[in-house]
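To start, the structure itself, in structure tokens.
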Amino acid sequence: MLDTLRHITQALSDATDLNEGLSAVVRGVKSRLAVDACSVYLADASAASFVLVATDGFDPRALGSVRIERGEGLVGLVVERQRPLSLSNAQNHPRFRHLAHFGDRGQHAFLGVPIIHYRKVLGALVVRQLNDRVFTADDEAFMIAIAAALAGLAHAAALGTQDGPTNPTEPTPAMVRGIKGAPGIGI
């Protein structure tokens with residue numbers, strides 16, 4: 001699991017824009033956890049709703065058009081509670097909401113973790129599976145680690161320093177790469 005975590009975080013740090021980084025995350029998480037779908041929802045500019053910005057396992061045409069309001073559905077619950085939510089049969093939960101981009105397939109197992117940067121919820125990283133499944137504590141820890149790594153990129157996108165979901169037509173600013181010379185604080 002640590003090897004996969006290293007691979008995904010390296011791909012995330014090597015990404016030249018938000019979409020490239022998000023694609024690496026959803027592909028890597030879906031493969032590592034052997035789930036049917038992995039998705040990332042990020043807050044829109046007003047932070048009133050969360051937009052589907054990346055997915056592997058669902059209709060990619062839904063990107064940017066699926067919105068979940070704060071407090072709506074299971075993703076809204078993850079954001080509201082600011083804690084992971086793991087369900088073996090999500091369809092039985094009172095906050096379950098069927099979304100069109102899932103198609104006609106039922107969604108049973110659900111694991112969602114918030115993407116938080118300095119106590120501000122920026123979105124949610126979610127995996128789903130068609131059959132019932134109990135996610136392990138290791139699965140949850142893996143997702144939390146990925147969400148933490150993703151938080152920096154999501155924060156940069158919210159500030160406009162990376163291509164973000166709200167304006168993907170703006171050019172990506174130049175990226176400056178550096179290497180550390182010694183441990184400690186740089187000024």
Side-chain angles (χ1 to χ4, degrees), residues 1-15 18-43 50-58 60 62-63 66 68 71-99 101-103 105-157:
M1 183 171 298
L2 289 177
D3 206 35
T4 305
L5 179 61
R6 182 192 57 77
H7 177 72
I8 293 172
T9 55
Q10 185 63 48
L12 192 56
S13 67
D14 289 345
L18 180 65
N19 293 332
E20 183 182 335
L22 293 172
S23 293
V25 167
V26 294
R27 279 191 320 268
V29 170
K30 180 183 174 198
S31 173
R32 172 62 183 98
L33 296 181
V35 291
D36 295 311
C38 178
S39 304
V40 175
Y41 297 85
L42 293 181
F50 295 86
V51 181
L52 177 68
V53 294
T55 188
D56 186 348
F58 293 125
L63 295 176
V66 172
I68 296 178
E72 180 182 21
L74 298 175
V75 172
L77 186 58
V78 168
V79 168
E80 183 181 297
R81 292 175 43 192
Q82 297 184 19
R83 291 192 321 234
L85 176 64
S86 179
L87 301 168
S88 62
N89 193 338
Q91 290 179 318
N92 291 338
H93 194 279
R95 293 274 297 261
F96 177 80
R97 176 180 167 222
H98 180 76
L99 297 173
H101 72 283
F102 295 165
R105 305 178 301 176
Q107 300 298 308
H108 290 272
F110 174 96
L111 174 58
V113 297
I115 299 169
I116 301 174
H117 190 265
Y118 289 109
R119 296 186 197 167
K120 182 178 180 184
V121 180
L122 302 176
L125 174 63
V126 175
V127 293
R128 294 178 173 92
Q129 191 156 327
L130 295 175
N131 56 344
D132 292 355
R133 172 180 175 174
V134 176
F135 288 103
T136 67
D138 285 344
D139 295 338
E140 190 173 306
F142 173 75
M143 290 274 289
I144 290 169
I146 295 295
L150 188 56
L153 188 63
H155 179 68

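Every heavy atom of this structure was used, including side-chain atoms; hydrogens, water molecules and symmetry mates were not. Given the structure is predicted, the values throughout are model-derived calculations rather than measurements.
- Side-chain atoms of S86 and V134, non-hydrogen and from C-beta on, never get closer than 4.5 Å to each other.
- Side-chain contact between L22 and L150: present, with at least one pair of heavy atoms (C-beta onward) separated by less than 4.5 Å.
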> For L85 and L74, what are the C-alpha separation, side-chain angles and deciding distance, and is it a side-chain contact (heavy atoms from CB on, under 4.5 Å)?
Replying inline: CA-CA 8 Å; L85 176 64; L74 298 175; 4.1 Å; yes
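- Heavy-atom minimum distance, R128 versus S39: NH1-OG, 4.2 Å.
- By the 4.5 Å heavy-atom criterion applied to side chains, L87 and F96 are not counted as neighbours.
- I115 is not listed as a side-chain neighbour of F50, based on a closest heavy-atom distance of 4.5 Å or more.
- Using a 4.5 Å heavy-atom cutoff, the side chains of V78 and P114 are in contact.
- Considering all non-hydrogen atoms of both residues, G57 and K30 come closest at CA-NZ, 4.1 Å.
- If you take CD on E140 and CZ on R83, they are separated by 10.5 Å, rounding to the nearest 0.5 Å.
- When all heavy atoms of P60 and T55 are compared, the closest pair comes out as CA-CG2, 4.4 Å.
- What you find for Q82 and R119 is that their closest heavy atoms are OE1-O, 4.5 Å.
- Considering CG of L5 and NE2 of H7, their distance stands at 11.5 Å, rounded to 0.5 Å.
- In this structure Q10 satisfies the side chain to side chain contact (heavy atoms under 4.5 Å, CB included) test together with S13, D14, sequence neighbours excluded.
- A 4.5 Å side-chain heavy-atom check between F142 and I8 finds at least one atom pair inside the cut-off.
- Without hydrogens or angle criteria, S31 side chain to R27 main chain gives no donor-acceptor distance under 3.5 Å.
- No donor-acceptor contact under 3.5 angstrom links the side chains of H108 and N131, judged on distance only.
- The shortest side-chain heavy-atom distance between L122 and K120 falls under the 4.5 Å cut-off.
- Annotation: side chain of V127 is in contact with side chain of F135 (closest heavy-atom distance under 4.5 Å).
- Comment: R133 does not engage D36 in a salt bridge, judged by the lack of any side-chain N to carboxylate O separation of less than 4.0 angstrom.
- Among all heavy-atom pairs drawn from I144 and P84, the shortest one is CD1-CG, 3.7 Å.
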